[in-house]
Amino acid sequence: MDLLRNDKIWLRAPEPEDLERLYRWENDTACWNVGNTLAPYSRFLLKRYITEAHRDIYELKQLRLMIVLVASNETIGMIDLYDFDPHHRRAGIGLLIDPHFQGNGWASEAVDLLRQYAFSFLQLHQLYAHVPAINMKSRALFTRCGFEMTGMLKDWIVVGENYSDVLVMQSVNKNPRK
């Protein structure tokens with residue numbers, strides 16, 4: 001198996017045929033409170049993003065990959081490395097699984113694959129995730145994938161008319177190459 005594929009899923013770069021899917025996911029306001037999105041994305045901007053996706057993580061400081069089922073070739077989500085810092089060798093990780101495909105273990109598979117790629121190929125020292133404290137499913141996901149809670153950001157995000165804490169979860173590469 002290669003670094004971005006196992007027997008269940010594979011991770012690939014965004015393609016032009018992903019435009020409508022990305023448009024739907026990026027403009028789902030239910031997801032905006034866990035990211036930094038404040039306004040909808042246009043198809044024009046997403047098309048330009050896909051066109052620029054060939055540039056590497058060192059230039060863009062981020063990497064988005066589409067999550068695809070091996071058995072059916074269906075694209076079921078996306079996973080990102082963001083805030084890539086090559087000097088300190090770390091990056092944030094975020095993901096989205098389409099609601100129709102949630103609850104099947106695909107998120108764990110994707111996080112494990114991206115973590116393996118980040119630690120072995122990119123030689124990162126650590127990955128981190130900001131997880132809303134009220135999101136028990138995400139907390140469980142990152143814990144299952146070897147992330148530890150290392151801190152809490154108090155009143156970090158707005159949820160409705162209130163503020164919510166965000167947990168900082170980290171996975172440190174225990175076997176770095178020297």
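Note that the coordinates shown come from a computational prediction; the quantities given were computed from them, not determined experimentally. Keep in mind that the numbers below use all heavy atoms, side chains included, and drop hydrogens, waters and symmetry copies.
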Check side chain to side chain donor-acceptor pair (under 3.5 Å) between Gln116 and all other residues, then give those that pass, not counting sequence neighbours. none
Checking the side chain of Arg89 only, and the main-chain atoms of Gln123 only, is there a donor and an acceptor separated by less than 3.5 Å? yes
I need the Asn104 CG to Leu69 CG distance, nearest 0.5 Å. 8.5 Å
Closest non-hydrogen contact found for Leu65 with Leu4 is CD1-CD2, 4.2 Å
Does a side-chain heavy-atom distance below 4.5 Å link Ser171 with Gln126? no
Applying side chain to side chain contact (heavy atoms under 4.5 Å, CB included), name anything that partners Gln102, two or more places apart in sequence or on another chain. Ile97, Pro99
For Ile67 and Ala110, work out which heavy atoms get closest and say how close. CD1-CB, 3.6 Å
Measuring from Arg12:CZ to Met66:CE, what's the distance to the nearest 0.5 Å? 6.0 Å
Applying side-chain hydrogen bond (donor to acceptor under 3.5 Å, both in side chains), run through His87 and Asp85 and close with a yes or a no. CA-CA 6 Å; His87 178 72; Asp85 184 330; 6.0 Å; no
To the nearest 0.5 angstrom, please state how far the CZ atom of Phe142 sits from the CD1 atom of Ile93. 5.5 Å
Tell me, which pairs form a salt bridge (Lys or Arg N to Asp or Glu O under 4.0 Å) where one or both residues lie in residues 103-119, sequence neighbours left out? Lys8-Glu109
Side chain proximity check, Leu114 to Leu11, heavy atoms < 4.5 angstrom: yes
When rounded to the nearest 0.5 Å, the distance separating CG of Leu96 from CE of Met78 is 4.5 Å
Mind checking the CG-OH spacing from Leu63 to Tyr117? Nearest 0.5 Å is all I need. 5.5 Å
Transitive ILVMFWY cluster of Tyr82 at side-chain heavy atoms under 4.5 Å: who else is in it? Tyr128
Of all pairs that satisfy salt bridge (Lys or Arg N to Asp or Glu O under 4.0 Å), the ones with a partner from residues 116-139, not counting sequence neighbours: none
Which pair of heavy atoms, one from Val172 and one from Phe119, lies closest together, and at what distance? C-CZ, 4.0 Å
Could you go through residues 153-169 and list every donor-acceptor pair under 3.5 Å that involves a side-chain atom there, pairing it with any protein atom two or more places apart or in another chain?
residue: Lys154; atom: NZ; partner: Asp165; partner atom: OD2; Å: 3.3
residue: Asp165; atom: OD1; partner: Asp155; partner atom: N; Å: 2.9

Lys174 to Glu148 - nearest heavy-atom pair and separation: NZ-OE2, 4.5 Å
Shortest non-hydrogen separation from Asp18 to Ala13 and the atoms involved: OD2-O, 4.3 Å
Nearest heavy-atom contact between Gln62 and Phe84 is N-CB, 4.4 Å
Starting from the C-alpha separation in whole Å, work towards a yes-or-no answer on side-chain contact (heavy atoms from CB on, under 4.5 Å) for Phe101 and Glu74. CA-CA 10 Å; Phe101 294 95; Glu74 285 180 275; 3.4 Å; yes
Would you call Leu127 and Asn173 a side-chain contact if the rule is heavy atoms closer than 4.5 Å? no
Atom pair CD1 (Ile79) and CG (Leu81), whose distance is rounded to the nearest 0.5 Å: 7.5 Å
Is there side-chain contact between Asp80 and Leu95, with at least one heavy-atom pair below 4.5 Å? no
